[in-house]
Peer 1: 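Right, I'll just put the structure down here and ask away after.
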Amino acid sequence: MIIKEIKLELKHYYLKNKLQTSNYIHESRDSWIISIKDDLGNEGFGEASPLQIFNSESNLEAGYSLDGFKLALSDINDEIDIEELMLLSDVHTLDNPSAAFAIQTALFDLVSKVNKKTVSSYINQNSSLKLKCNGIYNLTNLENYSTIKIKCGFRNLFDELELIESLSKKFNNSSFIIDLNQNYDLPKAIRFFKEVEKYNIKYIEQPIDKDNLLDIEELRYHSDIPIALDESVIDITSIEKILDRNAADIFILKPQSLGTYKNINKAIELVKESNKIPILTCSLEGSIGRFATMHIAAINNIDWACGLAMEKIYIHEKHTFPKVKDGQFTIPIKNGLGIL
């Protein structure tokens, strides 16, 4: 493969509907888009979009890493294989996982197009052809989903319970994910878990501060509702620490935080080997990052509903998303990431 051109562009996206959590109100997003083109005109795309509460690097630092990778290849006009390019991406994205994810996504998108395969089938010929995904209250069309995620923790308790009850009645065949975004202490979390036990709750996500594994571990003894950790999961070391404490049933894995495809696959393996459940979710980045997360879920045959946001959530998005029905969709049979 001969790399002909690398381009970087900073994009600013606006949500169609703002999403409120206990930590912030999500209305817009900045993303770096990297495109890598070979001498035959094939082009691969990747996206770096660090989320402040998950990623240690800033958007500016991600941009510097991407630019360093671009400069390193500016004087190379000879054949270079995909393995060398992956190693080069590791060197230039140290401590910048979102940049690593962007570069490797662009490389896999490019080489998959060269081989006329989807990214997931190029990496794993036995990857899933269908995936399950959850809807998100106030962000996606809930009618299309059998699992619905509700951001909680910022209303008073009675309003939270009233919302959960009303959605349970309206979508009585659905199960629910409650995301508390670290907003409760142990006594309040115990009470909340008891209050929602009567509803069809699939799991509750990050109920207590991400660093307080002791209280999270204690909470597991007070309810049969599974606990998922999200903000606590930032790298391989954090996963190993949580597993050592047996502080979670479900691990929410975000590629923008974990970085390289090797790291992401290792994280999934670690969780599965410990008889825990890995779930892939996007970081609500743009469509390039979300489609990449979709393919990673397919590569690893994740059979639980993942947080992929497979529909138009930003105003600018004009391409075609897969049709979700009853919380399930088919991977688009298009070369590369499958974005048109």
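What's counted below: heavy atoms across the whole structure, side chains too, no hydrogens, waters or symmetry copies.
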Peer 1: Measuring only between side-chain heavy atoms, which start at C-beta, is D38 closer than 4.5 Å to I2?
Peer 2: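 Side-chain contact under 4.5 Å: no.
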Peer 1: Report, as yes or no, whether the 6.0 Å neighbourhood of atom NZ on K132 holds more than 12 heavy atoms from other residues, nucleotides or ligands.
Peer 2: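 Counting neighbours around NZ of K132, 12 or fewer heavy atoms of other residues, nucleotides or ligands fall under 6.0 Å, so no.
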Peer 1: Quick test of your reading of the model: are R290 and E317 salt-bridged, counting only N-O distances below 4.0 Å?
Peer 2: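 Judged by the 4.0 Å cut-off on N to carboxylate O distance, R290 and E317 do form a salt bridge.
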Peer 1: If you measure from OG1 on T293 to CD1 on I302, what distance do you get to the nearest 0.5 Å?
Peer 2: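 Going from the OG1 atom of T293 to the CD1 atom of I302 covers 11.5 Å.
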Peer 1: Search all heavy atoms of L157 against all heavy atoms of F192 and return the closest pair with its distance.
Peer 2: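 Shortest heavy-atom separation between L157 and F192 comes out as CD1-CD1, 3.7 Å.
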Peer 1: One thing to verify: whether K210 and D230 come together as a salt bridge, which I'm taking to mean a side-chain N less than 4.0 angstrom from a carboxylate O.
Peer 2: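 The answer is no: the pair does not qualify as a salt bridge.
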Peer 1: Side chains of I190 and Y221, heavy atoms from C-beta outward: is any pair under 4.5 Å?
Peer 2: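 No; the side chains remain at least 4.5 Å from each other.
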Peer 1: Could you measure the distance from the CG atom of N17 to the CD1 atom of I313? Nearest 0.5 Å is fine.
Peer 2: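 One finds 10.0 Å between CG of N17 and CD1 of I313.
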Peer 1: Taking H295 for its side chain and S120 for its backbone only, find out whether a donor-acceptor pair lies under 3.5 Å.
Peer 2: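 Yes, the answer is positive, given that a donor and an acceptor are paired below the 3.5 Å cut-off.
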Peer 1: What distance do L15 atom CG and K312 atom NZ have between them, rounded to the nearest 0.5 Å?
Peer 2: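 So the CG of L15 and the NZ of K312 are separated by 15.0 Å.
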Peer 1: Is there a donor-acceptor contact under 3.5 Å from the side chain of S274 to the main chain of L270?
Peer 2: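 It does hold such a pair.
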Peer 1: Are more than 12 heavy atoms, taken from residues, nucleotides or ligands other than K272, located less than 6.0 Å from that residue's NZ atom?
Peer 2: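 Atom NZ in K272 is packed in, count exceeds 12.
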Peer 1: Measure from the side-chain N and O atoms of T118 to the backbone N and O of S121, and report whether any donor-acceptor pair falls under 3.5 Å.
Peer 2: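 Here the side-chain-to-backbone pair exists.
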Peer 1: Tell me yes or no: between the side chains of N134 and T147, is some donor less than 3.5 Å from an acceptor?
Peer 2: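 Side-chain D/A pair, N134 to T147: absent.
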Peer 1: Quick one, W32 and S49 - any side-chain contact, counting heavy atoms below 4.5 Å?
Peer 2: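 With C-beta onward as the side chain, the pair stays apart.
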Peer 1: How many angstroms lie between atom OG of S283 and atom NE2 of H26, to the nearest 0.5 angstrom?
Peer 2: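 The NE2 atom of H26 is 9.5 Å from OG of S283, to the nearest 0.5 Å.
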Peer 1: So, the side chain of S128 versus the backbone of L131: is there a donor-acceptor pair under 3.5 Å, distance only?
Peer 2: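 Such a contact is absent between S128 side chain and L131 backbone.
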Peer 1: Counting only heavy atoms from other residues, nucleotides and ligands, does the tally under 6.0 Å from CG of L129 exceed 12?
Peer 2: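 No.
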Peer 1: Identify the heavy atoms of E47 and S31 that sit nearest to each other, and give their distance.
Peer 2: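 Here E47 and S31 meet closest at OE2-OG, 2.5 Å.
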Peer 1: For the residue pair Q256 and P50, what are the closest heavy atoms and their distance?
Peer 2: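 Reported closest heavy-atom pair: OE1-N, 4.4 Å.
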Peer 1: So which heavy atom on I6 is nearest to which on K70, and how close?
Peer 2: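 Looks like O-CE, 3.2 Å.
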Peer 1: Inspect the contact between E205 and K149 and indicate whether a charged nitrogen and a carboxylate oxygen are less than 4.0 angstrom apart.
Peer 2: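 A salt bridge links K149 with E205.
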Peer 1: To the nearest 0.5 angstrom, please state how far the CD1 atom of I36 sits from the CD atom of E5.
Peer 2: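 Here the interatomic distance stands at 11.5 Å.
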Peer 1: For a side-chain contact (heavy atoms from CB on, under 4.5 Å) with I204, tell me which candidate from I177, D249, L219, L180 qualifies.
Peer 2: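 With I204 as partner, I177, D249, L219, L180 yield a single side-chain contact (heavy atoms from CB on, under 4.5 Å), made by L180.
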Peer 1: Measure across I331 and A298 and return the closest heavy-atom pair with its distance rounded to 0.1 Å.
Peer 2: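 Nearest heavy atoms, I331 then A298: CD1-CB, 4.0 Å.
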Peer 1: Would you say N300's side chain and I296's backbone share a donor-acceptor pair under 3.5 angstrom?
Peer 2: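 A pair under 3.5 Å: yes.
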Peer 1: For N126, does its backbone N or O pair with a side-chain atom of N124 as donor and acceptor, under 3.5 Å?
Peer 2: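 Here the side-chain-to-backbone pair exists.
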Peer 1: With a cut-off of 6.0 Å (strictly less than), are more than 12 heavy atoms of other residues, nucleotides or ligands near CG of N172?
Peer 2: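 Yes.
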Peer 1: With a cut-off of 6.0 Å (strictly less than), are more than 12 heavy atoms of other residues, nucleotides or ligands near CD of E240?
Peer 2: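 Atom CD in E240 is packed in, count exceeds 12.
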Peer 1: Under the 3.5 angstrom rule, does the side chain of Y64 hit a backbone N or O of N59 as a donor-acceptor pair?
Peer 2: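 Answer holds: no.
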Peer 1: Of all heavy-atom pairs between E285 and C282, which one has the smallest distance, and what is that distance?
Peer 2: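 Taking E285 first and C282 second, the nearest heavy atoms are OE1-CB, 3.4 Å.
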Peer 1: With rounding to the nearest 0.5 Å, note down the distance linking CG in N181 to CG in D209.
Peer 2: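 CG of D209 is found 12.0 Å from CG of N181.
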Peer 1: Anything under 30° is parallel, anything over 60° is perpendicular, the rest tilted; go ahead and classify F321 against F291.
Peer 2: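 Rings of F321 and F291: tilted, 30 to 60°.
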Peer 1: Under 30°, 30 to 60°, or over 60°: which ring-plane class applies to H316 and Y13, parallel, tilted or perpendicular?
Peer 2: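 Ring orientation of H316 relative to Y13: parallel.
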Peer 1: Please confirm whether the backbone N or O of L337 pairs with a side-chain atom of D109, one donor and one acceptor, at under 3.5 Å?
Peer 2: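 Checking the backbone N and O of L337 against the side chain of D109, a donor-acceptor pair under 3.5 Å is found.
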Peer 1: Under 4.0 Å between a Lys/Arg side-chain N and an Asp/Glu carboxylate O for K11 and D30?
Peer 2: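 So K11 does not pair with D30 through a salt bridge.
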Peer 1: Assess whether a salt bridge exists between D39 and K4, defined as any Lys/Arg side-chain N lying under 4.0 Å from an Asp/Glu carboxylate O.
Peer 2: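 No salt bridge links D39 with K4.
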Peer 1: Is the backbone N or O of A99 less than 3.5 Å from a side-chain atom of N96, with the two atoms forming a donor-acceptor pair by type?
Peer 2: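 No, N96 side chain to A99 backbone: no donor-acceptor pair under 3.5 Å.
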Peer 1: Between K262 and D90, is there a side-chain N and carboxylate O pair less than 4.0 Å apart?
Peer 2: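 Here K262 does not pair with D90 in a salt bridge, since their nearest N and O are not under 4.0 Å apart.
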Peer 1: Does F108 form a ring pair (Phe, Tyr, Trp, His ring centres under 6.0 Å) with Y261? I'd like the steps, not just the answer.
Peer 2: CA-CA 10 Å; F108 278 128; Y261 278 57; 4.9 Å; yes
Peer 1: Given the rule in the ring pair (Phe, Tyr, Trp, His ring centres under 6.0 Å) test, do H222 and F193 qualify, once you have shown the distances and angles that lead to the verdict?
Peer 2: CA-CA 8 Å; H222 292 270; F193 273 60; 9.6 Å; no
Peer 1: In the structure I gave you, are the side-chain heavy atoms of T93 and I103 within less than 4.5 Å of one another anywhere?
Peer 2: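 Yes, their side chains come closer than 4.5 Å.
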Peer 1: Is the side chain of R29 donor-acceptor paired with the backbone N or O of H12 at a distance under 3.5 Å, no angle test?
Peer 2: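 No; zero donor-acceptor contacts below 3.5 Å.
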